[in-house]
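The block underneath contains the structure these notes are about, expressed in structure tokens.
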Amino acid sequence: MKLTEVFTKPKGKLKWKTKTAKKWNAEFSVGDRKFEFMALKGAVDDSELYPHEDEVDQKEAWSVGFVQAGTGKGSARTDITGEGKPIEIFNKALAAMKEFVKGAKPKYIYFSAKEPSRMKLYNLMVKKLASGVGFKVINASQGNYLLQNKRAK
């Protein structure tokens, strides 16, 4: 997977279900699979902010992520499914992230990765993503990513 491919404009639309001061939620599809992007304000705990928990206002931090929506066979999944089209999935998740940042204007964004291959991708893309949406990287280690809006006071 090439990093430039991940940042290309995705095909298809995002369907925003919620845009409030504390929650942004969108749905998107890739093939016949459905995915959900979520951003929740105040849902980040001190352990996720470590070692910056004393300098970041936890109430101003947004936890963001995306999952493959559950089907009749099971619940939502955040793990790597091996069902294909990872570039298209990441493109749409990034498009949702960019729309969220533009609309919600968060002070801090937190997200994480568990799988080593996803950590490797996030490590590569986090600096480009952050600078592209007006953020700086505060933490990018051990699968935890914390970004701060450069305009935040």
Side-chain angles (χ1 to χ4, degrees), residues 1 3 6-10 13-30 33-71 74-81 86-153:
M1 180 183 319
L3 191 58
V6 174
F7 284 93
T8 59
K9 185 173 171 136
K13 298 274 184 190
L14 297 166
K15 180 182 176 189
W16 287 99
K17 295 170 57 177
T18 308
K19 288 183 179 180
T20 68
K22 294 193 175 226
K23 180 180 180 182
W24 280 56
N25 181 264
E27 295 177 336
F28 61 89
S29 297
V30 174
R33 295 180 292 154
K34 301 212 179 292
F35 294 84
E36 189 174 350
F37 169 87
M38 303 148 282
L40 300 170
K41 187 175 186 181
V44 181
D45 66 42
D46 280 347
S47 67
E48 294 167 323
L49 297 175
Y50 179 83
H52 304 280
E53 69 275 13
D54 293 334
E55 57 198 76
V56 173
D57 183 353
Q58 186 177 351
K59 294 176 200 155
E60 294 296 327
W62 288 76
S63 176
V64 299
F66 67 96
V67 298
Q68 181 172 333
T71 63
S75 60
R77 297 179 65 174
T78 58
D79 60 328
I80 297 171
T81 65
I87 292 172
E88 196 171 335
I89 295 164
F90 274 100
N91 280 345
K92 288 193 175 178
L94 282 171
M97 173 80 93
K98 289 175 183 177
E99 282 188 41
F100 156 70
V101 166
K102 186 176 179 181
K105 297 177 179 45
K107 287 186 180 178
Y108 302 97
I109 296 173
Y110 169 83
F111 56 95
S112 65
K114 290 184 176 91
E115 299 90 354
S117 63
R118 195 169 282 175
M119 281 184 223
K120 184 177 177 182
L121 173 63
Y122 285 12
N123 287 338
L124 290 171
M125 71 180 212
V126 73
K127 289 178 187 165
K128 182 171 177 149
L129 169 67
S131 65
V133 295
F135 279 68
K136 66 179 178 180
V137 178
I138 295 176
N139 187 34
S141 64
Q142 299 175 338
N144 294 302
Y145 303 89
L146 182 61
L147 310 178
Q148 179 182 17
N149 191 321
K150 290 179 182 176
R151 292 172 206 83
K153 305 268 188 245

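The figures that follow rest on heavy atoms only: side chains count, while hydrogens, waters and symmetry mates do not.
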> Do Phe111 and Val126 pass the side chain to side chain contact (heavy atoms under 4.5 Å, CB included) test, and can you show the C-alpha distance, the side-chain angles, and the key distance before you say yes or no?
Replying inline: CA-CA 10 Å; Phe111 56 95; Val126 73; 3.9 Å; yes

> Excluding sequence neighbours, so at least two apart, what forms ring pair (Phe, Tyr, Trp, His ring centres under 6.0 Å) with Tyr110?
Replying inline: none

>> Looking at every non-hydrogen atom in both residues, tell me the closest pair between Phe28 and Ala93 and how far apart they are.
In response: CZ-N, 4.0 Å

> If you take all heavy atoms of Leu40 and Lys23, which pair is closest and at what distance?
Replying inline: CD2-CG, 3.6 Å

>> Could you work out, with salt bridge (charged side-chain N to carboxylate O under 4.0 Å, His left out) as the rule, every residue matching Glu27, not counting sequence neighbours?
In response: Lys17

>> Is any side-chain heavy atom of Phe66 closer than 4.5 Å to one of Lys92?
In response: no

> What heavy-atom pair brings Pro106 and Trp62 nearest, and what distance separates the two atoms?
Replying inline: CB-CD1, 3.3 Å

> Heavy-atom distance under 4.5 Å between the side chains of Tyr122 and Met119, does that happen here?
Replying inline: no

>> Can you confirm whether more than 12 heavy atoms, excluding those of Lys120, are under 6.0 Å from its NZ atom?
In response: no

> Rounded to the nearest 0.5 Å, how far apart are CG of Leu146 and CD of Glu55?
Replying inline: 8.5 Å

>> Just verifying a value: how many Å separate Asn25 CG and Thr20 OG1, rounded to the nearest 0.5 Å?
In response: 9.5 Å

> Just checking, any donor-acceptor pair under 3.5 angstrom between side chains of Asn144 and Glu48?
Replying inline: no

>> Rounded to the nearest 0.5 Å, what separates atom CZ in Phe37 from atom CZ in Phe100?
In response: 6.0 Å

If you look only at distance, which donor and acceptor atoms sit under 3.5 Å apart when one is on a side chain in residues 130-142 and the other is two or more places apart or in another chain?
{"residue": "Ser131", "atom": "OG", "partner": "Lys127", "partner atom": "O", "Å": "3.1"}
{"residue": "Ser131", "atom": "OG", "partner": "Lys128", "partner atom": "O", "Å": "3.3"}
{"residue": "Asn139", "atom": "OD1", "partner": "Ser141", "partner atom": "OG", "Å": "3.0"}

> Do Phe90 and Leu121 come close enough that some side-chain heavy atom pair is under 4.5 Å?
Replying inline: yes

> Considering all heavy atoms of both residues, which atom of Val64 and which atom of Ala39 are nearest to each other, and what is their separation?
Replying inline: CG1-CB, 3.6 Å

> Could you give the distance from CD (Glu99) to NZ (Lys19), rounded to the nearest 0.5 Å?
Replying inline: 6.0 Å

>> Any non-hydrogen side-chain atom of Lys107 less than 4.5 Å from a side-chain atom of Asp57?
In response: no

>> Quick one, Ile89 and Gln68 - any side-chain contact, counting heavy atoms below 4.5 Å?
In response: no

> Taking side chain as C-beta onward, heavy atoms only, is Lys41 less than 4.5 Å from Glu60?
Replying inline: yes

